[in-house]
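Only one structure is covered here, and it is reproduced in the block below.
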Amino acid sequence: MRRATSMLKLAPPWLVRFSSVSASSLVDEFTKFCYQRDLPRAMKAMEAMQRNRLWADAITYSELIKCCLVRGGIEQGRLVHEHVFSNGYEPKTFLINTLLNMYVKFGLLDEAQKLFDEMPDRNVVSWTTMISAYSNSSLNHMALEFLILMLREGVRPNMFTYSSVLRDCNGLLNLRQLHASLMKVGLESDVFVRSALIDTYSKFGEQQDALNVFNEMVTGDLVVWNSIIGGLAQNSDGDEALHLYKRMKRAGFAADQSTLTSVLRACTGLALLELGRQVHVHVLKFDQDLILNNALLDMYCKCGSLEDANLVFTRTMADKDVISWSTMIAGLAQNGFSTDALKLFESMKLRGPKPNYITVLGVLFACSHAGLVNDGWYYFQSMKELFGIDPGREHYGCIIDLLGRAGKLDEAVKLIHEMKHEPDAVTWRILLGACRVHKNVDLAIYAAKEILKLDPTDAGTYILLSNIYANTQKWEDVAEVRRSMRARGVKKEPGCSWIEVSKQVHAFILGDNSHPRIEDIKREISRVIQRLVSVGYVPDTNFVLQDLEGEQMEDSLQYHSEKLAIVFGLMSLPKEKTIRIRKNLRICGDCHLFAKLVAQLENRVIVIRDPIRYHHFQEGVCSCGDYW
DNA sequence: TTAGGGTTAG
């Protein structure tokens, strides 16, 4: 009796309680605690059940495992695992799947794999859980391998499996095969599968396929719309992305953070500042969303409105990550505000996140832009030591630009040959830009030939090369270049400039007279040129190394697309409004001079974004420092 | 019990 009493004293209170209840009420108590999400009591009850060789039903355990995931930890999860396999109890596949999912959610792939290997019967859920786990861990080859093994075992994939595995495709062929096989079993109408298909086709740059999948949709949801809008925006088809955004709204869907991020990206690509500002109003609903705010910040930077970007960065954004800082630093540098970019980088080092690969690119770009050769070299040579980042091809590109800008062309070539990475077309184009500024024809020919070896479709480089040969009267070489262009089907892209006026985008294309006010614009250009000539403007017809990408000598200099757009801006926008233009080709020397003088004479601010650089013209100077 | 969409450079 004394012994029994002492045992009771030693035993924890819950054991005393359960020792007095029947087996079925023990399980009932456990079930109750599981559904009440009372994890500590459920765990104690489970221990008592184990002592008494009692088990509950699989759904109750699955509730307990959910509770471990939300409120507990892996230790409790492992105890559940141990219990459901104890004393010869054989858990159903459903329950093992739940445990499998638990290990995956805790990030314990090895343990999940071990359990999966030991499973007597694996069903589609078991396989899909593993496929999804590998897919989320970026082990795409494993996910695909599992799909093959699953098919070999005769387990048929369902919509869950396909929507997981689609993003693991290692090639377009693979994607088309999966697309065909899911169509055979009629799974293409599932919204998850459809959005995964759209997303994956977009990632491979197959926009038409993505659009086909989208257009076959009868009923879809917001994510499907977001997939197609996002895919188009990421593949530089901003116009189509914005068109579908309007359709989405007409179809009755309200934009969420993901939609607005993609819409902002489309505005960024098209330099549509006014539309971007309208989108900003909707962004205010999601003011804590970091990704969306970063996209907003980038939109203002790339649309050339650094005032707005600064306001977003300093006032709106409570949380900032390395992307926010990098965006702002690169934005300042690209728009010609190098000193501000470097100051911001200093404050990032003091109170911001750790800089990454892209942050350093922005910093080097700022140094190059401001001609800070020593600072650029310092950051380049110490980036590994200071920030733990190995210089990549792009960092070398900035330094080649830095040397080129400073006129150190020989050193730039030496660096290209010394760098660890194989130079690509971009590397050689940077050198070519320096040759243009410093009028080094021989080196320009060398760089142009290197570009064409790597990118035989680059129309601008063919034309540049042909112009150089024409200028030095090497007619056979001119003919050879033209032959190569024809043979490869390379065509000169006409110069095009876009300007946003009263919520409408006006496009001006060289040689195209379809704009309703084209005659007025041409008359106004003549008047403006007359005024400019009176203050000393002489049209610059030296195109040989001026015009990199194509608005040609034989075309009328006077009607280059950016001149049409600038003058249309003067005619249509109030005096205090900045004239903002986006171009598809690099700005030519004459248009650059024209813009500087117009800005001065008409007391206007003009911002032109070409494919590579930004030009802020104000009071007769350009933020690019005449280097582009 | 298993699934899909958004941000910095080039």
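Predicted, not measured: the structure shown is a model, and the values here were computed from it.
Separation of the A:Tyr61 and A:His83 ring centroids falls under the 6.0 Å cut-off. Ring centroid separation for the pair A:Phe380 and A:His395 does not come in under the 6.0 Å cut-off. A centroid separation of 6.0 Å or more is found between the aromatic rings of A:Tyr103 and A:Phe116. Taking the six-membered ring for Trp and the full ring otherwise, the centers of A:Phe365 and A:Phe345 sit at least 6.0 Å from each other.
Side-chain contact annotation: A:Glu307 with A:Tyr300, donor-acceptor N/O pair under 3.5 Å absent.
Out of B:dG6, B:dT2, B:dA9, the shortest distance to the side chain of A:Tyr357 is found at B:dA9. The side chain of A:Ser326 sits closest to B:dT8 out of B:dG4, B:dT2, B:dT8. Considering only the side chain of A:Ile358, B:dA9 comes nearest among B:dT1, B:dA9, B:dT7. With B:dG6, B:dA9, B:dT2 as the candidates, the nucleotide lying closest to the side chain of A:Lys302 is B:dA9. Comparing B:dT8, B:dG6, B:dA3 by their nearest atom to the side chain of A:Ser258 picks out B:dG6. Residue A:Gln234 has its side chain nearest to B:dT7 when only B:dT1, B:dT7, B:dT8 are considered. Minimum atom distance to the side chain of A:Gln334 is reached by B:dA9, of the listed B:dG6, B:dA9, B:dT7. Counting only heavy atoms from C-beta on, A:Arg167 has its side chain closest to B:dG4 among B:dT2, B:dG4, B:dT7. In this structure, the nucleotide among B:dG4, B:dG6, B:dT1 sitting nearest to the side chain of A:Val125 is B:dT1. The nucleotide whose nearest atom lies closest to any side-chain atom of A:Phe192 is, among B:dA3, B:dG10, B:dT7, B:dA3.
The base of B:dG4 is paired with the side chain of A:Ser195 by a donor and an acceptor separated by under 3.5 Å. Counting distance only, with no hydrogens placed and no angle test, the side-chain atoms of A:Asp221 and the base atoms of B:dG4 include a donor-acceptor pair under 3.5 Å. Side-chain atoms of A:Ser164 and base atoms of B:dA3 include no donor and acceptor less than 3.5 Å apart. Donor-acceptor pairing under 3.5 Å, judged by distance alone, is absent between the side chain of A:Asp256 and the base of B:dG6.
A cation-pi arrangement is absent between A:Lys354 and A:Phe387 under the rule of less than 6.0 angstrom and at most 45 degrees off the ring axis.
Interface residues of residues 389-402 of chain A facing DNA chain B, ordered by number: A:Glu394; criterion, heavy-atom separation under 4.0 Å.
Put simply, the residue from A:Asp458, A:Thr461, A:Asp424 that forms a side-chain hydrogen bond (donor to acceptor under 3.5 Å, both in side chains) with A:Arg429 is A:Asp458.
Listed pair A:Thr327 / B:dT7 fails the phosphate criterion, with no side-chain N or O lying under 4.0 Å from OP1 or OP2. When the side-chain nitrogen and oxygen atoms of A:Arg265 are compared with OP1 and OP2 of B:dG6, none of them lie within a distance under 4.0 Å.
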